[in-house]
Amino acid sequence: MNFYAIKAIYKFEMARTFRTLMQSIASPVLSTSLYFIVFGAAIGSRMGDIDGVSYGAFIIPGLMMLALLSESVSNAAFGIFFPKFSGTIYEVLSAPVSFVEVVCGYVGAAASKSIMLGILILITARFFVDYEILHPIWMLSFLVLTAVTFSLFGFILGILSNNFQQLQVVPLLVITPLTFLGGSFYSISMLPPLWQTITLFNPVVYLISGFRWSFYGVSDVNIGMSVGMTLLFMLICISIIWWIFKTGYRLRQ
Amino acid sequence: MSSIISIQQLNKVYDSGFVALKDVNLEIKKGEIFALLGPNGAGKTTLISTICGIVNPSGGTITAGGHNVVTQYRAARNIIGLVPQEISTDSFETVEATVAFSRGLFGKPANPQYVEKILRQLSLWEKRNSKIMALSGGMKRRVMIAKALSHEPDILFLDEPTAGVDVDLRRDMWEMVRGLRENGATIILTTHYIEEAEEMADRIGVINKGQIVLVEEKDALMQKLGKRELTLQLQTPLTELPAELNGFALELAKDGHELVYRFDSQSEHTGIAELLKQLGQQGIDFKDLSTSQSSLEEIFVNLVRDSK
């Protein structure tokens, strides 16, 4: 294991994050605040409690997930896409590192950034609504697990993308709809039966449900199922990355 | 001297079907400066990229320091530094940070003293806190070299190191490369500038259309293929050569003002004495004479033409 390489990549990526602090942190925090103002304070006061939780508090886990998923994917995707685009990837490819070190560095940094962001949103939410966290350890575990898994997913997208447009397609056209329809703003039990069944094919449902459970002890699906689905997705992503580095697909000619 | 890089039966076929390298066999000796010459698209960069792990070989084996570059890539890459042809740097990073990054990436613990030493050698120390995008092209090229040297490699690849670099910097780089060799490093450079190979290299390899056409000690190559020319400036121009001089490889140049004699510098018998005697007998007088040796460039052009 080349730990110095992991450290070097991680440090490099985090430096990039802090260089672009405004767009990395400020804009997600701002948009989340807007959600709280609109859905929490303005509309939320006219909505009834869901599963005994006030609407403003109910949407916190969903909003955190919304930011966590899209930021993890786009951070990790950009992190590896840019060296490919600028040509500096040559150095990583010619370095004595395996996919393990590269992934730990890039994905670790992208996930760290998302986790910081999630916590920042949680703090921001405090200014708008009261909430409680019943299972803080589980909450943190979900946060980390989700951030890592979706950073892995973003890393794959970054390698597969050929241009900036492709880089944005998946976060924009896949992640955002799945999160909105995955119960960020409602409990899936509020849907008609047919849609409830269809919704269960949306992997994000399991993330949001499990995450919400860690806050309020209520969930749409079984908590074990939530953890299992996330781990399965993580495993699939790791396998794909392993294969990419083994064959050099889209990396080495 | 023993080989530090050994390439056997190396082939590379790109996905497009383009055959970039064909049965390449090459041994690089420890501690030498090896110049790889070849026209554009000959396979120079592909060869280097395959050794360094940027391009997957289609067949054959490469070892660096005795380690197979595919199966024992960690050990092999640890001892290799690469300066690619294209200048690609992280524009927003500072010079010092990017060199420290490279060192870490190659598995070496931080060593600010060593980084300082390299930056001073490359006249980059004053610019250590500048962002790379603020540097000139020549400075960026030096940053690339500093990055490649950051992990103290035994083998250094320089892919067209002096392309687009001014004369002063080119001289500096040559000095630096010689200094590295004196410290025991092996250097493989590709170049378009034949004077560069002539100036620097111990051995020269010529690659054309993915095949190694020739590998030779530079001096031996110059002697073996080097033809010498004797040029005589005539007092009075000649319109044609007298029949008595037909036995000599002579040519009239500059509208008959010059007489050019080609001879093999290696042979015992160059024929110069006979020629001058004959000229005297024919009453052909000359005011000046000079000899010249064909340059590596001519040798190279001839080789590439022959292999077509």
Side-chain angles (χ1 to χ4, degrees), chain A residues 1-24 78-106 108-109 159-160 162 242-253, chain B residues 12-16 18 20 45-46 48-58 67 69-70 72-94 97-98 100-111 131-132 144 147-148 150-151 153 157 159:
Chain A
M1 245 338 221
N2 183 347
F3 289 103
Y4 291 112
I6 300 177
K7 195 177 143 197
I9 297 173
Y10 186 86
K11 239 176 93 179
F12 173 82
E13 279 295 291
M14 291 313 275
R16 188 171 64 82
T17 302
F18 291 113
R19 265 201 311 267
T20 54
L21 204 60
M22 275 305 280
Q23 71 203 62
S24 308
F78 191 81
I80 189 70
F81 175 78
F82 198 71
K84 255 182 51 169
F85 174 76
S86 69
T88 52
I89 189 96
Y90 84 86
E91 207 175 12
V92 175
L93 294 180
S94 64
V97 290
S98 73
F99 93 107
V100 180
E101 288 101 345
V102 179
V103 167
C104 286
Y106 281 105
I159 291 177
L160 299 187
N162 285 322
W242 171 80
W243 177 82
I244 287 174
F245 272 80
K246 189 169 177 282
T247 59
Y249 183 71
R250 295 269 171 107
L251 267 185
R252 290 189 165 88
Q253 285 158 314
Chain B
K12 175 66 194 175
V13 184
Y14 281 109
D15 291 344
S16 61
F18 178 70
T45 300
T46 301
I48 288 186
S49 300
T50 313
I51 301 170
C52 294
I54 296 169
V55 170
N56 284 332
S58 308
H67 313 287
V69 300
V70 176
Q72 299 160 300
Y73 66 94
R74 279 183 201 269
R77 292 181 197 173
N78 264 332
I79 56 168
I80 297 177
L82 166 67
V83 183
Q85 192 174 338
E86 303 275 331
I87 298 183
S88 30
T89 51
D90 295 296
S91 307
F92 303 102
E93 284 279 305
T94 65
T98 200
F101 167 80
S102 301
R103 188 176 166 86
L105 196 61
F106 278 78
K108 287 272 164 77
N111 184 345
K131 285 191 175 169
I132 296 171
M144 304 280 288
K147 281 166 80 71
S150 65
H151 64 281
F157 284 94
D159 198 355

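Residue numbers begin at 1 in each chain, while the letters A, B, ... track the order of the sequences.
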Rounded to the nearest 0.5 Å, how far does [atom2] of [Y] lie from [atom1] of [X]?
X        : Y        : atom1 : atom2 : value
B/Ile54  : A/Leu251 : CD1   : CG    : 11.5 Å
A/Tyr90  : B/Ser49  : OH    : OG    : 11.5 Å
B/Phe101 : A/Thr88  : CZ    : OG1   : 7.5 Å
A/Arg252 : B/Thr50  : CZ    : OG1   : 11.0 Å
B/Asp90  : A/Phe12  : CG    : CZ    : 3.5 Å

One option among A/Gly105, A/Ala95, A/Gly248, A/Ala8 has the most heavy-atom pairs under 4.5 Å with chain B, and it is A/Ala95
In terms of heavy-atom contacts, does [atom1] of [X] have more than 12 from other residues, nucleotides or ligands at under 6.0 Å?
X       : atom1 : result
A/Phe85 : CZ    : no
A/Lys11 : NZ    : no
B/Tyr14 : OH    : yes

Flag side-chain contact, heavy atom, 4.5 Å: A/Arg19 against B/Glu93 = yes
Notebook entry, point to check: How about B/Phe106 and A/Val97: do any of their side-chain heavy atoms sit closer than 4.5 Å?
Noted result: no
When the 4.5 angstrom heavy-atom criterion is applied to A/Val102 and chain B, the contacting part is neither
Honestly, the part of A/Ser98 sitting under 4.5 Å from a heavy atom of chain B is both
Whatever's closer than 4.5 Å to a heavy atom in chain A on B/Lys108 counts as backbone
Applying a strict 4.5 Å limit to non-hydrogen atoms, the region of B/Asn56 in contact with chain A is both
Item checked: Side chain B/Arg77, main chain A/Leu93, donor-acceptor under 3.5 Å -> yes
Tell me the closest heavy-atom pair linking [X] and [Y], and the distance in Å.
X       : Y        : value
A/Pro96 : B/Arg74  : O-NH1, 3.4 Å
B/Ser88 : A/Ser86  : CB-O, 3.2 Å
A/Asn2  : B/Gly104 : OD1-O, 3.9 Å

